[in-house]
Enquirer: 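Questions regarding the structure given below will be posed in turn.
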Amino acid sequence: ARHYRHWIRPLSDWQPDAYSPRRQFTTLSRHLIARYDLPTFMDAAWFRGRSALAQQQQGWFLHVAGGQNIRTADIPVTFTKKTAHHFLQAPSHYTIEEALFWGQIIGQGGSLDLEQAIQATLMGESFENEAFWSTVIQFLVANPMLDPDCVGPLVDYIYNRKYVHQEVVNPGGEVVIIDPPEPNFAMKARSITKLLDQVEAWHQLLYREERAPRIEWGKSPISDYNYTEKDTLNGGAVHWTIRELLNVKELKTEGRELHHCVSSYTRNCQKGATSVWSLQVTNGHNETLRLATIAVDPKTRMVTQLRGKHNLKPSITSRGLTFGAGLDPQHAVYLCQAPAILRRWSHQERLGNKGGDLNAWIKH
């Protein structure tokens, strides 16, 4: 309604042709303002309220609906004709941001596995420092033999070297903040084998730090969560817990078992800037599975990260909630049940969502 000046057909001429409200909206929006067809995922522009980002994406919708190329819109990435073409072919359940990444990766010849692996890293969270991260995408596409499971650790390593400031404790006990180790880190002329060796050495360093004197911090004002119900998969009872991790060893164990670098939150946990939580389930056979790691800003009670094994996050398909291939069936079953637990905990603790991860799990 706020864009009624762009309507090209009268509302009274529109008739719904489907029972699904989402499908009805798709036909309505195209009836009112589209001279040319455009992909279904772009409807997401209208479901984000009145934020600056929502208005920007609605502008992209109008731009493409009017017959113009997405390349000439104010998008945060640089598209070629080929990547712009692939953008329009992104899966219908994607957000517009995810579709931009799809165009970048698939349009340059990247595989579907690589696209999903990149989307699950911190690269998939925003387009900050896009000029640099686009070179990382080009590097990954140029190395098709790279195991997708290595993408997350590799991106974490690059981010740590280029962007993460370091804390150094002087002999007198004074803590000094210094620049990132390699602020000029670039992908040009990098060897994939050497880079993977550096990632491995970094992980070994993190592991040695785990064996250093115990580093702990106090509990945040947010409460743990416990819930017991019938285990429909194995019989007996299943016990769900969402528990705060309160020392370095717990962070390291979480990261090692879920194959991500949550241990990089150590300093923020010590300062009280972040609290890290582990979603776990103990099934009817008394087996405990770690399902997801949650980062929360304890001051604002905003969930800033929520990821599963290998940094995965769920996708919404016509079949419901999915977490991609490669998970053992039991793990996948409990992951699909986890949103109900997360929804109850977030409601109990009045948690908000920053960045979209929490909504990706609980709003489906």
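Note that the structure is a prediction, hence the values are computed from the model and not measured. Throughout, numbering of the chain's residues begins at 1 and tracks the sequence.
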Enquirer: I'd like to know whether Phe132 forms a ring-ring contact (aromatic ring centres under 6.0 Å, His included) with Tyr159, so could you lay out the CA-CA distance, the side-chain angles of the two residues, the decisive distance to 0.1 Å, and finally the verdict.
Expert: CA-CA 11 Å; Phe132 169 72; Tyr159 178 77; 9.9 Å; no

Enquirer: If we count only N and O atoms by modelled type, under 3.5 Å, do the side chains of Thr26 and Thr40 hold a donor and an acceptor together?
Expert: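 No, no side-chain donor-acceptor contact under 3.5 Å.
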
Enquirer: Passes side-chain contact (heavy atoms from CB on, under 4.5 Å), Met123 versus Asn129? Steps please.
Expert: CA-CA 10 Å; Met123 291 173 62; Asn129 302 309; over 6 Å; no

Enquirer: Between Trp102 and Phe87, is a ring-ring contact (aromatic ring centres under 6.0 Å, His included) present by the stated rule, with each step listed?
Expert: CA-CA 6 Å; Trp102 172 280; Phe87 163 78; over 10 Å; no

Enquirer: When the side chains of residues 138-158 are checked against the rest of the protein, which donor-acceptor pairs come out under 3.5 Å, sequence neighbours left out?
Expert:
residue	atom	partner	partner atom	Å
Asn143	ND2	Phe139	O	2.7
Asp147	OD1	Asp149	N	2.9

Enquirer: Can Ile33 and Ile8 be said to form a side-chain contact (heavy atoms from CB on, under 4.5 Å), step by step?
Expert: CA-CA 6 Å; Ile33 57 179; Ile8 59 176; 5.6 Å; no

Enquirer: Could you report the tightest heavy-atom contact between Asp43 and Phe61, atom names first, then the distance?
Expert: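 Heavy-atom minimum between the residues: OD1-CE1, 3.7 Å.
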
Enquirer: Can you classify the ring geometry of Trp46 versus His3 as parallel (below 30°), tilted (30 to 60°) or perpendicular (above 60°)?
Expert: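 If you compare the ring of Trp46 with that of His3, the planes turn out perpendicular.
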
Enquirer: Could you verify whether a donor N or O on one side chain and an acceptor N or O on the other, from Asp224 and Trp345, lie under 3.5 Å apart?
Expert: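 Absent: no donor and acceptor within the cut-off.
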
Enquirer: Check the surroundings of atom CG in Asn286: do more than 12 heavy atoms from other residues, nucleotides or ligands lie under 6.0 Å from it?
Expert: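 12 or below, so no.
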
Enquirer: According to the interplanar angle, ranging from 0 to 90°, do the rings of Tyr225 and Tyr227 count as parallel (below 30°), tilted (30 to 60°) or perpendicular (above 60°)?
Expert: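 The arrangement is parallel - the two ring planes meet at less than 30°.
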
Enquirer: Apply the test side-chain contact (heavy atoms from CB on, under 4.5 Å) to residues Trp217 and Lys271: give CA-CA distance (whole Å), side-chain angles for both, the deciding distance (0.1 Å), then the verdict.
Expert: CA-CA 8 Å; Trp217 45 87; Lys271 294 186 292 186; over 6 Å; no

Enquirer: Assess the side chains of Gln108 and Gln104: does a donor N or O sit below 3.5 Å from an acceptor N or O?
Expert: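 No, no side-chain donor-acceptor pair sits under 3.5 Å.
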
Enquirer: Just by modelled atom types, is the Gly110 backbone N or O under 3.5 Å from a matching donor or acceptor in the Glu115 side chain?
Expert: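 No; judged by distance alone, with no hydrogens or angles, the pair does not exist.
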
Enquirer: Apply ring-ring contact (aromatic ring centres under 6.0 Å, His included) to residues Phe47 and Phe25 and explain how you reach the verdict.
Expert: CA-CA 11 Å; Phe47 305 145; Phe25 180 87; 5.0 Å; yes

Enquirer: What I want to check is whether the side chains of Glu254 and Thr293 have a donor and an acceptor closer together than 3.5 Å.
Expert: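 The criterion, which ignores hydrogens and geometry beyond distance, is satisfied for Thr293 and Glu254.
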
Enquirer: Counting only N and O atoms by type, is there a donor-acceptor contact under 3.5 Å from the side chain of Lys230 to the main-chain atoms of Ala237?
Expert: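 Answer holds: no.
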
Enquirer: Assess the side chains of Gln57 and Arg48: does a donor N or O sit below 3.5 Å from an acceptor N or O?
Expert: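 Yes, Arg48 and Gln57 have a side-chain donor paired with an acceptor closer than 3.5 Å.
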
Enquirer: Under the rule for side-chain hydrogen bond (donor to acceptor under 3.5 Å, both in side chains), what residues qualify as partners of Gln166, not counting sequence neighbours?
Expert: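 Counting only residues at least two positions away or on another chain, Gln166 forms no side-chain hydrogen bond (donor to acceptor under 3.5 Å, both in side chains).
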
Enquirer: Can you list the residues that meet the side-chain hydrogen bond (donor to acceptor under 3.5 Å, both in side chains) rule with Tyr334, with sequence neighbours excluded?
Expert: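 So Tyr334 forms a side-chain hydrogen bond (donor to acceptor under 3.5 Å, both in side chains) with Asp231, Asn234.
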
Enquirer: Please name the pair of heavy atoms, one in His165 and one in Asp179, separated by the smallest distance, quoted to 0.1 Å.
Expert: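 Heavy atoms only, the tightest pair is CD2-CA, 3.9 Å.
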
